[in-house]
Amino acid sequence: MRNYSYVAKDSTGKTIKGVIEAEDQQQVQEKIYEQGLFLISSSEALGGGKSNKIYKFKTKELTFACRQIAAMLTSGLTIVKAIDVMYKETEKAGPKSVWLSVYESVNKGSSFTESLKQTGGSFPDFMISMVDAGDRSGNLDVVVQRLSDFYDNQNKLNNTIRGAMMYPIILAVLTIVMVIGMFTFIMPTFAGLMSEDEMPALSRALFSMSDFLKSKWYILVIAVVVIFFAIRYALKVPDIRLKYDMIKVKMPSVGPLVVRIYEGRFARTLSSLYSSGIPMVECLERSSKVLGNSYVDKLFIQVVDEVKQGGTVSGSLTKTELFEGMFCSMIYVGEESGALDEVLDKTASFYEEEANAAVDRLVTMLEPLMIIIMGVVIGLCLAGIFPLLYGGIGELENS
């Protein structure tokens with residue numbers, strides 16, 4: 001199969017550009033015709049063969065796609081026509097080629113679930129599980145609408161985190177720029193005020209650092225790059241990753257806030273999966289994966305095993321000592337009342353608000369920390385410079 005770039009027009013005269021996989025030009029024309037388009041031109045895309053790069057949909061794109069598909073299904077369109085519309089209305093080449101692949105698969109008789117799986121990872125496992133439940137229950141429109149709400153909430157939380165982190169990041173950049181400026185431009189101007197033998201230890205250390213930054217700055221850059229990639233590699237080692245993830249949830253002050261964010265995501269994911277008719281065991285497995293924490297995944301192995309043996313979800317979660325007591329109690333109430341799906345939905349809404357508040361508290365802790373670091377750096381520089389100033393003034397008075 002090869003990739004072909006094409007230009008076509010639809011029945012309204014709108015020009016459509018995209019990339020399509022085909023054996024030859026003749027098959028390109030046939031596929032374009034099957035979509036109700038009129039082919040104007042086509043040519044083999046640069047690189048020729050099929051690309052191994054997989055386009056992965058972002059949360060914002062999944063929100064929009066699910067909302068559009070849900071609206072079309074609710075309006076009475078078939079899933080084939082809905083995906084065809086998604087393909088035609090998508091302008092970016094990456095997602096457009098994915099929707100084309102899904103459309104061709106569904107058009108040949110495959111289920112929507114199988115078609116999503118065949119994209120090779122473009123869609124998250126969570127979405128595929130939900131769609132599979134909708135396919136089996138016949139409530140695909142309802143399930144896709146729930147997916148839209150789920151990804152919309154996830155997108156809002158991600159935007160909240162990004163927006164909240166902007167100020168601490170700016171402070172961190174300013175701190176780094178200030179340190180470099182002071183050591184490379186300001187400190188050298190005071191070097192001649194006192195001989196090195198007469199300097200205090202702090203002043204000598206600061207001037208040594210200044211000389212290092214001016215003459216051997218590239219060593220620092222190389223060290224930072226090496227440390228960065230070393231940390232990335234280390235976090236891919238299972239044992240190291242497990243300890244790192246455990247520290248995140250056990251750390252004083254920060255750990256409870258991270259857990260609160262996890263509670264919001266876990267509750268919404270579990271609510272979406274369970275209300276779609278997916279068995280509780282699979283719901284728990286999928287929900288823990290969404291958190292992206294290997295330590296939590298390890299705890300949930302025990303949770304899943306106990307639920308398989310007939311244990312309650314609330315009791316199994318309580319034994320992990322990860323989530324707070326009220327969270328587990330709310331799930332217990334849902335199990336006892338037989339309205340677990342409703343309780344999970346309300347719990348998810350409550351803990352999503354708590355997660356947003358936890359993000360704000362985390363940022364509130366980071367802001368003074370960055371200001372303290374900035375103050376310490378400035379204080380050290382001044383502590384190293386003042387003795388030189390006093391010494392220089394004293395020499396002037398003596399002379």
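This is a predicted model, so every value here is computed, not measured.
A pairwise comparison of heavy atoms in W99 and T90 identifies CD1-OG1, 3.6 Å as the closest pair. Closest heavy-atom contact between S316 and V307: OG-CG2, 4.0 Å. A pairwise comparison of heavy atoms in M127 and C66 identifies CE-SG, 3.9 Å as the closest pair. The shortest heavy-atom contact between Y55 and V98 is CB-CG2, 4.1 Å. Minimum heavy-atom separation, I278 to C283: O-SG, 3.2 Å. Between A82 and M72, the shortest heavy-atom distance links the atoms O-CE, 3.4 Å.
Ion pairing between a basic and an acidic side chain is recognised when a charged N comes within 4.0 Å of a carboxylate O; K81 and D84 show such pairing. We find that R241 and D245 are joined by a salt bridge, their nearest charged nitrogen and carboxylate oxygen being less than 4.0 Å apart.
For the atom pair L340 CG and L344 CG, the distance stands at 4.0 Å (nearest 0.5 Å). Once rounded to the nearest 0.5 Å, the distance linking CG of N158 with NZ of K58 reads 12.5 Å.
Side-chain contact between R162 and N159: present, with at least one pair of heavy atoms (C-beta onward) separated by less than 4.5 Å. Counting only heavy atoms from C-beta outward, the side chains of F266 and L317 approach each other to under 4.5 Å. A heavy-atom distance below 4.5 Å is found between the side chains of L140 and L73. Considering only heavy atoms from C-beta on, V102 comes within 4.5 Å of F112 through its side chain. For the pair D297/L291, no side-chain contact is recorded, criterion being any heavy-atom separation below 4.5 Å from C-beta on. The closest side-chain heavy-atom distance from F123 to L62 is below 4.5 Å. Side-chain contact check for S314 versus E335: some heavy-atom pair is nearer than 4.5 Å.
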Step-by-step side-chain hydrogen bond (donor to acceptor under 3.5 Å, both in side chains) determination, Q302 to E306: CA-CA 6 Å; Q302 177 184 349; E306 289 187 5; 3.2 Å; yes

Derivation and outcome, side-chain hydrogen bond (donor to acceptor under 3.5 Å, both in side chains), residues T113 and D135: CA-CA 7 Å; T113 305; D135 275 336; 2.6 Å; yes

Walk me through it: do T318 and F323 pass the test side chain to side chain contact (heavy atoms under 4.5 Å, CB included)? CA-CA 7 Å; T318 301; F323 299 135; over 6 Å; no

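Taking hydrophobic clusters as Ile, Leu, Val, Met, Phe, Trp and Tyr residues chained together by side-chain heavy-atom distances below 4.5 Å, L369 does not share a cluster with I176. Note on L202 and L213: same hydrophobic cluster, where clusters join Ile, Leu, Val, Met, Phe, Trp and Tyr whose side-chain heavy atoms are under 4.5 Å apart, directly or indirectly. Taking hydrophobic clusters as Ile, Leu, Val, Met, Phe, Trp and Tyr residues chained together by side-chain heavy-atom distances below 4.5 Å, I219 shares a cluster with M209.
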I'd like a table of donor-acceptor pairs (distance under 3.5 Å, sequence neighbours excluded) in which one partner is a side-chain atom from residues 142-154, with atom names and distances.
from: Q145; atom 1: NE2; to: D149; atom 2: OD1; distance (Å): 3.4
from: R146; atom 1: NH1; to: S275; atom 2: O; distance (Å): 2.6
from: N153; atom 1: ND2; to: D149; atom 2: O; distance (Å): 3.2

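If you check the side chains of E324 and Y351, you find a donor sitting under 3.5 Å from an acceptor. Checking R268 against S349 by side-chain atom types alone, a donor-acceptor pair falls below 3.5 Å. There is a side-chain donor-acceptor pair under 3.5 Å between S105 and S115.
Around the CZ atom of F212, the shell of radius 6.0 Å holds more than 12 heavy atoms that belong to other residues, nucleotides or ligands.
When each of L322, V313, L284 is paired with V303, the side chain to side chain contact (heavy atoms under 4.5 Å, CB included) condition holds for L284 and for no other.
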